[in-house]
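A short worksheet on the structure shown next.
Just so it is clear: chains get the letters A, B, ... in the order the sequence lines come, proteins before strands, and each one is counted from 1.
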Number of protein chains: 2
Amino acid sequence: MNPGPDVLKNAALKVESDGAAQSGSYQEILAAAAECFKENGFAATSIDDVARSLNATKGMIYHHFRSKMDLFFAVYRRGMEINFEAVLPYSSGKQSDGDKACLKLAKMSISHAIALMAHQPFQRVLAQGVEMHQTGSTTAAQRQTLDELIRLRNKYEGLFRRAIEAAAQGPVKLPDPSLASKSFLAVLNSTVYWYSPRDKDPQEEQLALATDLVRYAMQGLGLKMPDMALINLETEK
Amino acid sequence: MNPGPDVLKNAALKVESDGAAQSGSYQEILAAAAECFKENGFAATSIDDVARSLNATKGMIYHHFRSKMDLFFAVYRRGMEINFEAVLPYSSGKQSDGDKACLKLAKMSISHAIALMAHQPFQRVLAQGVEMHQTGSTTAAQRQTLDELIRLRNKYEGLFRRAIEAAAQGPVKLPDPSLASKSFLAVLNSTVYWYSPRDKDPQEEQLALATDLVRYAMQGLGLKMPDMALINLETEK
DNA sequence: ATGTGAACATACTACTGAGTATGTTGTCAA
DNA sequence: TTGACAACATACTCAGTAGTATGTTCACAT
């Protein structure tokens, strides 16, 4: 079929490799679009809305994107990129030791949960993309692109499923690994629908919330949360 | 302010009291609209779409509903109705005994999870309503109605929060009851985004899935799942 | 029989919004 | 200097759609 790693590579390397090449306005459009899509949803957002929020016009958007769908896909892709960047650093290697595997899962999960809260607009777009996939809309060509993006998402979910299976070796039994990972991620992702950052110490607040959520999610699997002292993530930029 | 029980009564009694009074077509419109909203989302669904799926015309819809928003609200209300009908029978009374409280919570949760899978279109509309609430759309009057509907939803969530608090008395500590109930319901509600019924034994399948989900959700709180023998719900109609 | 209103269908209006076609401006190479 | 192209802005087309205005049918009360 299609070589697995490539799909990931496409997403994960774009930011690094392009750097200055990807004109600043491009990323700005993505951010503005994500914000608009979050506010009103894809269908209710017009290209003019996005342009307006940039003090620009429709022509500018269409200079960079061939259609509204293309713009949405680009935002979606960027959202997946963000998530991979958050989780990949902690997801490499196979831990045969149960506690190590648990620690790895916890790190991945907390990093994921924080990224989710720190980049809400993009994460909401990801959720909308999933809904769109179940829908029978779009043309054949768009459908193909969307399928590819969903595969990317499944790949991401796979990172967690494998980490969960590794962590649940031993005393814990998983009735259905797929169901387990879905439930697990459902808890972590739930913040998308109600969290809104407070001005005071959003960093601190997000870490605390993420910790509680991950504790709950792991406990559901019968796993105990590792000591927080062991989970010091590199604080990002 | 507004008397709490009334809001609930409005929703919970409508079906019973109206009965034959609510013309058949009314409920059919709700079902068709729910299906359309689920398929394409609120914004991307036209009144003509709904009418077409009923082999009717726009005039018929507007004869029963004053606007597209009104139709949406009615569908939302019906969705909440379904949920209350599923859960209320098991949510009455205060269990001081921990195990009893646990059993009560389990019954409520399983009934909720099954209702969710059995009425997907309506449940998806509920989700869309929540998103809509975070959004800055709609007029002032509509906003008021939407606020009322969200209060209804919060009331529903409150049933679970109280049941959770009652069940978690004793050996278990809840860091944040609100967070706990949000996570708890996130797990149960997650099926909305991926479950699709199989032709074979949907009843059986839904019960099995619901059981697994509830087990996970309760374990996350540190509660153990009661024996299934104790959880025989009255099978609905 | 007749008028009256409920329950629709049909025809129309007014507007929004995706996509396009065509300017306009600045920059940079030759 | 000029021409060529990137990076936009402006102006327009046209399909779709919320809402309205106006038939039409039929049951039912008087």
Side-chain angles (χ1 to χ4, degrees), chain A residues 18 20-33 35-37 39-75 125 128 132 135-143 145-146, chain B residues 18-33 35-37 39-76 125 128 132 135-143 145-146:
Chain A
D18 284 2
Q22 203 80 280
S23 69
S25 61
Y26 183 87
Q27 293 293 334
E28 284 169 24
I29 294 175
L30 290 189
E35 185 65 34
C36 290
F37 289 151
E39 286 298 321
N40 300 327
F42 172 75
T45 296
S46 74
I47 297 288
D48 285 310
D49 286 340
V50 180
R52 208 179 351 261
S53 76
L54 287 165
N55 285 326
T57 63
K58 198 193 292 210
M60 181 233 196
I61 311 278
Y62 278 103
H63 179 72
H64 290 276
F65 301 90
R66 297 175 62 184
S67 72
K68 188 182 169 189
M69 261 296 174
D70 258 35
L71 174 57
F72 180 84
F73 289 155
V75 175
V125 168
Q128 288 182 34
M132 199 181 288
T135 287
S137 62
T138 74
T139 72
Q142 291 172 339
R143 187 128 204 94
T145 305
L146 187 51
Chain B
D18 285 2
Q22 201 80 281
S23 69
S25 61
Y26 183 88
Q27 292 293 334
E28 285 168 23
I29 294 175
L30 289 190
E35 184 65 34
C36 290
F37 290 152
E39 287 297 322
N40 301 327
F42 173 75
T45 297
S46 74
I47 297 287
D48 286 308
D49 286 339
V50 181
R52 208 181 348 261
S53 76
L54 287 167
N55 285 326
T57 63
K58 196 191 297 207
M60 181 232 196
I61 310 280
Y62 277 103
H63 179 70
H64 290 275
F65 301 90
R66 298 174 61 184
S67 72
K68 189 182 168 188
M69 260 298 176
D70 259 34
L71 175 57
F72 180 85
F73 289 154
V75 175
Y76 187 103
V125 169
Q128 287 181 37
M132 199 181 288
T135 286
S137 61
T138 75
T139 72
Q142 292 172 339
R143 185 127 205 94
T145 305
L146 188 51

Could you state the [atom1]-[atom2] distance from [X] to [N], rounded to the nearest angstrom?
X       : N      : atom1 : atom2 : answer
B:Tyr26 : C:dA6  : OH    : C1'   : 17 Å
B:Asp48 : C:dC12 : CG    : P     : 16 Å
A:Tyr62 : D:dC12 : OH    : P     : 18 Å
A:His64 : C:dG19 : NE2   : C1'   : 17 Å
B:Asn40 : D:dG16 : CG    : P     : 15 Å
A:Ile61 : D:dA6  : CD1   : P     : 19 Å
A:Asp49 : C:dG17 : CG    : C1'   : 10 Å
B:Lys58 : C:dA11 : NZ    : P     : 13 Å

Sugar-phosphate only, base, or nothing, as touched by A:Thr57 at under 4.0 Å among non-hydrogen atoms: base

query: So which nucleotide from C:dC8, D:dG19, D:dA6 ends up closest to the side chain of A:His63?
result: D:dA6

message: Counting only side-chain heavy atoms from C-beta out, which of D:dT20, C:dA18, D:dC8 sits nearest to A:Met60?
response: D:dC8

statement: For A:Val50 and A:Cys36, the nearest pair of non-hydrogen atoms, with its separation, is CA-SG, 3.9 Å

query: If you look at every heavy atom in A:Leu54 and A:Glu28, which pair is closest and at what distance?
result: CD2-O, 3.9 Å

- prompt: Checking A:Lys68 against A:Phe73: charged group under 6.0 Å from the ring centre and within 45 degrees of the axis?
  reply: no

message: Please determine whether a side-chain nitrogen or oxygen atom of B:Ser25 lies at a distance below 4.0 Å from atom OP1 or OP2 of C:dC8.
response: yes

- request: Would you please indicate yes or no on a ring centroid separation below 6.0 angstrom for B:Tyr26 and B:Phe65?
  value: yes

Which residue lies more 5' along DNA chain C, comparing A:Ala44 with A:Arg66 via nearest heavy atoms: A:Ala44

